[in-house]
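Below, all heavy atoms of this structure are taken into account, side chains as well, without hydrogens, waters or symmetry copies. Here, residue 1 is the first one in the sequence, and each next residue gets the next number.
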Amino acid sequence: MSSRLILNILGRFEAKGDPQSPDRLHIEIEATRLAYAARDAWIADPDKADVPVEELLSDALADRLAGMIDLHHALTDLPAFDMPLHRDTVYISVVDRDRNAVSFINSVFDSFGTGLVAPRSGVVLHNRGQSFSLNPVHPNVAAPLKRPLHTIIPGMVTRDGRVEMPFGVMGGYYQAMGHAHLISKVFDYGMDLQEAIDLPRLIPSSDGTRVEAEHTLPAATADELTRRGFAIVPAEDPIGGAQAIRIDWENGTLTGGSESRKDGIALGL
């Protein structure tokens, strides 16, 4: 949902020039902040709460949010994020010789889940109940038999009824942003998978007031974003992790990309 809303907002702007230019990063940061604010206000278990899915994915909302982005100044007065950090996530992307594709993600949350292990299977139980809200009027409020908001979103791009790219971007609340930005870099800017994965990353902090940036972000870009009103701070750790495989149906080839920020490998057999 969040990734789709971010992409809907990005779709209101022409993808041109340097994908890491201050203008493009400005748009991507603001699209993420706006989409996350909407997510944190509305997303909950649709079986237990009235989630306005059609409105959240509508052209009207994307137009309204995109219209709030001013390339001269960072937005203010956004709701603070109250999402906890998410860790301990593993993603696997697989395509076989028959082009069957698997996009798989698993997480026990933070840091060893509940600390409980199922006695017969050895499966560690997660503690994603931490992602519930304690606000009694929030759609995501904790309640029996209810699923919490979570960030487990294995991705699968299709075109003309065929799978083109199983992919996943890990990193807690970075996941939705990471998915949207990876797709934009690959399909809007024509970058190959490894190029897109290796680009410097940044993300609004969990409280929504700062933007954490990896040290590989050019100093001139960081300075320009700071001038526009973004509070750029160094990320304490590398941001997220991604794996992806792209299928070229015409040439019969597969291209893989793997994250350098954490354990991972792109392997063909």
Side-chain angles (χ1 to χ4, degrees), residues 2-3 5-37 62 65-81 83 85 167 169-244 255 257-262 264:
S2 301
S3 298
L5 181 51
I6 294 170
L7 287 170
N8 285 350
I9 297 170
L10 294 181
R12 270 63 188 169
F13 299 89
E14 184 180 359
K16 60 181 180 180
D18 181 0
Q20 290 291 97
S21 69
D23 279 356
R24 183 62 184 184
L25 293 179
H26 184 133
I27 293 168
E28 292 182 353
I29 292 169
E30 298 292 51
T32 299
R33 295 174 73 205
L34 291 164
Y36 278 17
L65 296 180
M68 297 172 63
I69 298 176
D70 181 351
L71 283 176
H72 297 96
H73 303 284
L75 285 169
T76 58
D77 301 324
L78 281 174
F81 302 140
M83 289 289 290
L85 294 175
F167 74 102
V169 182
M170 300 160 280
Y173 60 84
Y174 177 70
Q175 283 191 45
M177 179 181 189
H179 274 65
H181 293 191
L182 180 65
I183 288 176
S184 178
K185 297 301 188 295
V186 172
F187 292 98
D188 290 337
Y189 287 93
M191 302 182 76
D192 69 36
L193 295 182
Q194 199 61 56
E195 281 183 308
I197 289 172
D198 289 343
L199 285 175
R201 292 177 179 154
L202 37 70
I203 181 175
S205 61
S206 58
D207 61 11
T209 62
R210 297 166 292 125
V211 176
E212 298 179 8
E214 293 183 325
H215 73 277
T216 49
L217 184 72
T221 301
D223 290 343
E224 175 59 21
L225 292 172
T226 299
R227 189 190 67 77
R228 298 183 187 191
F230 293 103
I232 306 295
V233 298
E236 294 183 4
D237 300 300
I239 298 174
Q243 313 287 341
T255 303
S258 181
E259 186 60 68
S260 61
R261 296 168 176 83
K262 58 191 301 183

Rounded at 0.5 Å granularity, tell me how far [atom1] in [X] sits from [atom2] in [Y].
X	Y	atom1	atom2	result
Asp18	Tyr189	CG	OH	8.0 Å
Ile6	Glu28	CD1	CD	9.5 Å
Met191	Leu193	CE	CG	10.5 Å
Glu259	Ile197	CD	CD1	6.5 Å
Glu214	Ile203	CD	CD1	10.5 Å
His72	Asp23	NE2	CG	8.5 Å

Flag, side chain of [X] to backbone of [Y], donor-acceptor distance under 3.5 Å:
X	Y	answer
Arg12	Ala66	no
Glu30	Leu75	yes
Arg228	Leu71	yes
Gln194	Ser258	yes

Exercise for review: Please test Val211 against Leu225 for side-chain contact (heavy atoms from CB on, under 4.5 Å), starting from the C-alpha separation and ending with a verdict.
Suggested key: CA-CA 10 Å; Val211 176; Leu225 292 172; over 6 Å; no
With side chains defined as the heavy atoms from C-beta onward, is the minimum distance between [X] and [Y] less than 4.5 Å?
X	Y	answer
Lys185	Gln20	yes
Leu25	Thr221	yes
His181	Arg201	no
Leu65	Asn8	no

Practice item. Mind running side-chain contact (heavy atoms from CB on, under 4.5 Å) on Thr216 and Asp198 for me, showing each step along the way? Key: CA-CA 10 Å; Thr216 49; Asp198 289 343; over 6 Å; no
Specify the closest pair of heavy atoms between [X] and [Y], including all atoms of both residues, with the distance to one decimal.
X	Y	result
Val169	Gln175	O-CG, 3.0 Å
Pro22	Glu224	CB-CG, 3.6 Å
Asp188	Ala15	CB-CB, 3.6 Å
Ile239	Arg261	O-CD, 3.6 Å
His179	Ser3	CB-OG, 3.4 Å
Arg33	Pro204	CG-CG, 3.5 Å

Exercise for review: Mind telling me whether Phe230 and His26 have parallel, tilted or perpendicular rings, with 30° and 60° as the class edges?
Suggested key: perpendicular
Review point. Run the side-chain contact (heavy atoms from CB on, under 4.5 Å) check on Phe167 and Val186 step by step: do they pass?
Key: CA-CA 12 Å; Phe167 74 102; Val186 172; over 6 Å; no
